[in-house]
Amino acid sequence: MIEPDSASPSRRRQALCGTRLSPPCEGVVALNRVAVNASVTTFVAGASGTTLLTFNEHAHFAGDRRHMLTYR
């Protein structure tokens with residue numbers, strides 16, 4: 001498990017996504033490969049628990065900002 005204070009925001013996000021999706025270790029590594037810097041991940045918390053709504057959303061890099069998009 002990644003310690004919250006020792007991990008980067010990106011790694012914490014990936015750990016949370018991995019917890020919600022429950023993939024095998026290879027699945028978590030695959031999430032890391034496609035993660036875009038400054039992407040948005042959204043969780044929804046409700047009576048039935050926490051749900052991963054979006055992962056790696058980067059629509060804010062469209063058009064003129066496309067050159068700013070980088071992958072890890």
Side-chain angles (χ1 to χ4, degrees):
M1 185 67 167
I2 297 173
E3 293 296 323
D5 293 336
S6 66
S8 69
S10 175
R11 291 201 186 259
R12 285 194 299 264
R13 178 183 71 225
Q14 291 163 14
L16 285 170
C17 291
T19 300
R20 292 290 94 204
L21 295 173
S22 301
C25 291
E26 298 81 21
V28 175
V29 171
L31 288 176
N32 188 40
R33 285 191 199 121
V34 298
V36 174
N37 290 328
S39 64
V40 176
T41 297
T42 306
F43 292 92
V44 176
S48 62
T50 304
T51 302
L52 173 62
L53 188 62
T54 66
F55 170 73
N56 203 35
E57 177 63 42
H58 50 277
H60 53 284
F61 286 115
D64 293 343
R65 295 187 205 122
R66 184 84 182 148
H67 72 281
M68 298 170 67
L69 184 64
T70 61
Y71 292 88
R72 295 193 40 111

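No hydrogens, no waters, no symmetry mates; every other heavy atom, side chains included, goes into these values.
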**Study point:** From CZ (F55) to OG (S39), nearest 0.5 Å
**Key:** 6.0 Å
Under 3.5 Å, side-chain donor or acceptor atoms of residues 41-50 against the rest of the protein: list the pairs with distances, not counting sequence neighbours.
| from | atom 1 | to | atom 2 | distance (Å) |
| --- | --- | --- | --- | --- |
| T41 | OG1 | R13 | NE | 3.3 |
| T42 | OG1 | T54 | OG1 | 3.1 |

Point to revise | Fellow cluster residues of V40, listed by chain then number, with links counted only when side-chain atoms sit under 4.5 Å apart | key: none
**Study point:** Whether H60 side chain and R65 backbone form a donor-acceptor pair below 3.5 Å
**Key:** no
Review point. How far apart are the closest heavy atoms of N37 and T70, and which atoms are they?
Key: ND2-OG1, 2.8 Å
